[in-house]
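Please read the structure below before turning to the comments.
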Amino acid sequence: MFSSNRITKLLNIKYPIIQGAMAWVADADLAAAVSNGGGLGVIAAGNMPPELLERELVKVRSLTDRPFGLNIMLLSPTWQDALELAARHEVPVVTTGAGMPGKVIDRLAPLGVKVIPVIASVAHAERVKKQGAAAVIAEGIEAGGHIGEITTMALTSQVSDALDIPVAAAGGIADGRGMLAAFALGADGIQMGTRFVCASECNAHVSFKGKIISANDRSTVVTGRSLGHPVRSIKNKFTQAFHVMEEERVPIEDLDKFGSGKLKAAVVDGDVENGSVMSGQIAGLVSKIQPAAEIIEEIVREASERASRIGRRFD
Ligand code: TUI
């Protein structure tokens, strides 16, 4: 299965499933579990101090012999440190988010690192392809965290048509039906974040996982539109206070200050009321904690079973 799939061939993995990079959530333990399960595990550099990130890069190699990735979040003040660590540690795959990755590709592609930017529009996708991206992750507005404006449904088909490099779809995918839908739209693979938060190997606080498990389809909201940095998370005291401040047109610096440290508060300390519980709209579909390898096997089995049955709907 997937032996001629462009993502599995490019990344040298078994299943075309990339784990979404989630700051404070996606560490070496989660990345190794996903890679050992046949997907591509990804460590999120986020705003991590370089010494800590280096420890995770060493650790992941002690936990898996399979390919893994590092995500560089381009809004982070430490993104250049992460870039140098990726080069020094010969990370096989780098994904980027929240900006244009020209400098990342210029530095890493000559070293043989496959750079896969997350993009949110056809124009971004065409630009990063010209810059030398090995593939793209087309992420729709359904995703958690920092988001674009286009739905996964509309984005995936248009990006797949516009590019000849492999495309993974992200945003709103948490099971085999979502994977199959992404493939129907022209994707060669998927990226999933929210479902992997609820992997047993994920070190996010139990209360953070609990918020995802008890969420429904209407549980997430988007804050930060007025700042030009929209972020999707589960509705709570934090998002309500943020919305009030946005309506009152509180200065951007004050909003930034209010938001700072809130993701860590939720993920690490478990303060899921005053912290930012970033999650995709698909949280309502995530109902239990299970090993990453089991999540992957379940999704692949469901996608292939449905693929063989779906033709009958046209009879
Ligand atoms: O990056 C993400 N999702 C993220 S990053 C993040 S960390 C954070 N922490 C606190 C507050 C805010 C963020 C949480 N979630 N996804 C990838 C992604 N990239 N989504 C959208 C984009 C994107 C947007 C604009 C990519 C390129 C782009 O280009 C704009 C330009 O022209 O510079």
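What you see below is based on every heavy atom in this structure, not just the backbone, and it leaves out hydrogens, waters and symmetry mates. Counting starts at 1 for both ligands and their atoms, in listed order.
Salt bridge Lys59/Asp27: absent, no basic N to carboxylate O contact under 4.0 Å.
One option in Met22, Gln191, His124 has a heavy atom closer to atom 29 (O) of ligand 1 than any other, and that option is His124. Comparing Lys262, His146, Lys264 against atom 13 (C) of ligand 1, the shortest heavy-atom distance belongs to His146. Taking each of Gly46, Ala98, Ala125, Ala21 in turn, the one with a heavy atom nearest to atom 1 (O) of ligand 1 proves to be Ala98.
Taking Ile, Leu, Val, Met, Phe, Trp and Tyr as hydrophobic and joining them when side-chain heavy atoms fall under 4.5 Å apart, one finds Ile141 in a cluster with Ile147, Val222.
Both Phe68 and Val113 are assigned to one and the same hydrophobic cluster, defined by single-linkage of ILVMFWY side chains at heavy-atom distances under 4.5 Å. Connection of Leu108 to Val118 is not established within any shared hydrophobic cluster, with ILVMFWY side chains joined at heavy-atom distances below 4.5 Å, either directly or through further cluster members. Note: the hydrophobic cluster containing Val42 also contains Ile13 (ILVMFWY, side chain heavy atoms under 4.5 Å, direct or indirect links).
Atoms of ligand 1 lying under 4.0 Å from any heavy atom of Val231, numbered from 1 in the order shown and given with element: 12 (C). Within ligand 1, the atoms closer than 4.0 Å to a non-hydrogen atom of Gly145 are 14 (C), 15 (N), numbered from 1 in the order shown. Taking a cut-off of under 4.0 Å to the non-hydrogen atoms of Met100, the atoms of ligand 1 that pass are 29 (O), 31 (C), 32 (O), 33 (O).
Only side-chain heavy atoms of Met278 come within less than 4.0 Å of ligand 1; its backbone N, CA, C and O stay farther off.
Between the side chains of Gln290 and Arg195, at least one donor-acceptor pair of N or O atoms lies under 3.5 Å.
In terms of protein heavy-atom proximity, atom 16 (N) of ligand 1 is nearest to Glu139 OE2, 3.2 Å. Looking from atom 17 (C) of ligand 1 to the surrounding protein, the closest heavy atom is Val118 CG1, 3.2 Å.
Ring geometry, Tyr15 versus Phe2: the interplanar angle exceeds 60°, so the pair is classed perpendicular (tilted spans 30 to 60°).
Using a 4.0 Å cutoff on heavy atoms, Met73 counts as a contact of ligand 1.
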